[in-house]
J.: 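Handing you this structure, nothing more for now.
Sequence lines set the chain letters: A, B, ... in the order given, protein chains first and strands last, and positions in each chain run from 1. No experiment lies behind these values; they were computed from the predicted model shown.
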Amino acid sequence: DIVMTQSPLSLPVTPGEPASISCRASQSLLHNNGYNSLNWYLQKPGQSPQLLIYLGSTRAPGVPDRFSGSGSGTDFTLKINRVEAEDVGVYYCMQGLQTPLTFGGGTRVEIK
Amino acid sequence: QVQLQESGPRLVKPSGTLSLICAVSGGSISSSNWWSWFRQSPGKGLEWIGEIYHSGHTNYNPSLQNRVTMSVDKSKNQLSLSLNSVTAADTAVYYCSRDHVAGLRLRGYYWGQGALVTVSS
C-alpha cells in the first residue's frame with residue numbers, strides 16, 4: 001500500500017495570513033499519463049470531505065483561487081493564500097494512483 | 001450535478017451484517033464511472049473500502065475483502081454495500097463516492113453526505 005504522510009498535524013492560523021500543508025507519498029504518484037494522482041480535500045465539522053484539488057494542482061469547480069496545489073512525484077503541498085474563517089476544518093491528501101486508495105492522517109486548521 | 005445519498009440501518013449488532021444503499025440522482029449508475037465506498041471511524045481518518053463499476057466488476061481493500069460485497073441495481077439507480085461479521089471497530093460514517101471522467105479518471109470526485117453506522121448490542 002502507498003503510505004501518505006501529512007504535516008503538520010495541527011495548524012493554527014491567523015485570518016489573512018498564508019498557510020501551507022505538506023503531503024508525502026511512500027512512492028511516486030506520477031501516472032504514466034504525466035499527471036500526479038493526488039487529491040486534496042477539506043472536511044468541515046459534521047460534513048463529508050469536499051474535493052479542493054485533483055491531479056495535484058487543479059482546483060475543483062467552485063473552489064476559491066486562494067487554494068493552490070503543487071508538487072510532483074512524492075512531495076506535494078497545499079497552500080492557502082490568505083486564510084479565511086470558513087477554511088477551518090481537517091485537510092486530507094489522498095492518492096488515487098493505485099488501490100487501495102489511501103489518505104494522509106489529516107491536518108487540522110484552526111483560527112488562532 | 002450528481003448527488004449521492006446513503007441510507008440503511010444505523011445500528012447493527014456485533015457479528016451481524018451492515019447493509020447500506022447509495023441512491024444516485026442527477027446521473028446514471030450505468031455511466032462510465034466507478035463508484036466507491038469509504039468510511040471514517042469516529043475521530044479518525046478516512047479508509048477506502050472498495051469500488052464497483054456498473055458491469056459489476058469490483059476492487060476491494062485487501063483489509064476488508066473477505067467481509068465486503070458491493071453491487072449495483074441499475075433498475076433503481078443505486079449501489080449497495082454489505083459488510084458481514086461486524087465488530088465495534090466497524091462503527092464509522094460510511095460514504096459513497098463517484099469518480100469523474102474528463103479525459104482522465106478522477107477518483108473520489110463526488111461524495112455523499114455519509115451515514116453513521118454504530119455496531120453495538
Side-chain angles (χ1 to χ4, degrees), chain A residues 1-10 21 23 25 29-63 69 76 89-108, chain B residues 1-7 20 22 26 33-53 57-68 70 92-117:
Chain A
D1 298 3
I2 298 177
V3 177
M4 306 296 291
T5 304
Q6 278 182 244
S7 62
L9 207 60
S10 176
I21 300 169
C23 177
L29 302 184
L30 187 61
H31 194 275
N32 55 19
N33 60 19
Y35 291 92
N36 289 281
S37 295
L38 188 283
N39 292 353
W40 286 99
Y41 297 91
L42 165 59
Q43 186 173 33
K44 296 182 179 181
Q47 296 184 18
S48 57
Q50 60 184 83
L51 181 65
L52 296 175
I53 303 286
Y54 60 89
L55 299 178
S57 60
T58 303
R59 272 189 304 277
V63 174
F76 299 88
V90 182
Y91 290 77
Y92 294 97
C93 58
M94 183 199 85
Q95 66 82 15
L97 183 68
Q98 64 183 229
T99 59
L101 308 185
T102 48
F103 293 83
T107 295
R108 183 174 300 277
Chain B
Q1 172 95 351
V2 65
Q3 292 189 320
L4 310 171
Q5 181 65 59
E6 303 88 347
S7 64
L20 289 171
C22 176
N33 290 289
W34 285 80
W35 306 82
S36 283
W37 288 93
F38 296 87
R39 70 180 183 177
Q40 185 173 34
S41 301
K44 300 288 180 61
L46 291 151
E47 180 180 28
W48 178 77
I49 300 171
E51 62 185 3
I52 185 167
Y53 197 64
H57 186 80
T58 55
N59 294 307
Y60 297 142
N61 193 320
S63 67
L64 296 167
Q65 68 177 17
N66 61 343
R67 297 195 292 131
V68 67
M70 296 180 185
V93 177
Y94 287 77
Y95 298 100
C96 63
S97 169
R98 202 204 81 177
D99 292 357
H100 179 61
V101 176
L104 301 170
R105 180 183 169 188
L106 305 176
R107 289 175 136 137
Y109 200 88
Y110 300 103
W111 290 62
Q113 289 304 301
L116 172 61
V117 180

J.: List the atom of B:Y109, the atom of A:P61, and the distance in Å for their closest heavy-atom pair.
T.: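 Where B:Y109 meets A:P61 most closely, the heavy atoms are OH-CD, 3.0 Å.
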J.: When you look at B:Q40 and A:F103, which way does the side chain to side chain contact (heavy atoms under 4.5 Å, CB included) test go after all the steps?
T.: CA-CA 11 Å; B:Q40 185 173 34; A:F103 293 83; over 6 Å; no
J.: Once rounded to the nearest 0.5 Å, what's the spacing between atom OH of A:Y35 and atom CG of B:L106?
T.: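 Those atoms lie 10.0 Å apart.
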J.: If you count heavy atoms of other groups shown closer than 6.0 angstrom to NZ of A:K44, is the number above 12?
T.: yes
J.: A:Q50 versus chain B, heavy atoms under 4.5 Å apart: side chain, backbone, both or neither?
T.: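 No part of it gets close to chain B.
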J.: Should B:F38 and A:M94 be marked as a side chain to side chain contact (heavy atoms under 4.5 Å, CB included) after you check the CA-CA gap, both sets of side-chain angles, and the distance that decides it?
T.: CA-CA 12 Å; B:F38 296 87; A:M94 183 199 85; 4.3 Å; yes
J.: Measuring heavy-atom distances to chain A, does B:Y95 have an atom under 4.5 Å in its side chain, in its backbone, in both, or in neither?
T.: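 B:Y95 touches chain A through side-chain heavy atoms alone.
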J.: Counting only non-hydrogen atoms closer than 4.5 Å, does B:I49 touch chain A with its backbone (N, CA, C, O), its side chain (CB onward), both, or neither?
T.: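 When you check distances to chain A, no heavy atom of B:I49 falls under 4.5 Å.
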J.: When heavy-atom pairs shorter than 4.5 Å are enumerated against chain B, which of A:S37, A:A60, A:S48, A:G106 gives the highest number?
T.: A:S48
J.: Below 4.5 Å, heavy-atom pairs only: which of A:G46, A:P49, A:G105, A:G104 has the largest tally toward chain B?
T.: A:P49
J.: Using non-hydrogen atoms and a 4.5 Å limit, figure out which bit of B:L46 sits close to chain A: side chain, backbone, both or neither.
T.: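 For B:L46, heavy atoms of backbone and side chain both lie under 4.5 Å from chain A.
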J.: Check A:Y41 against B:G108 and note the closest heavy-atom contact, atom names and distance.
T.: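 The answer is OH-O, 2.6 Å.
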J.: Say you draw a straight line from CD of A:Q95 to CH2 of B:W48; how long is it, rounded to the nearest 0.5 Å?
T.: 9.5 Å
J.: Name the one of A:L51, A:L97, A:L101 that satisfies side chain to side chain contact (heavy atoms under 4.5 Å, CB included) with B:R107?
T.: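 Of A:L51, A:L97, A:L101, side chain to side chain contact (heavy atoms under 4.5 Å, CB included) with B:R107 is met by A:L101 alone.
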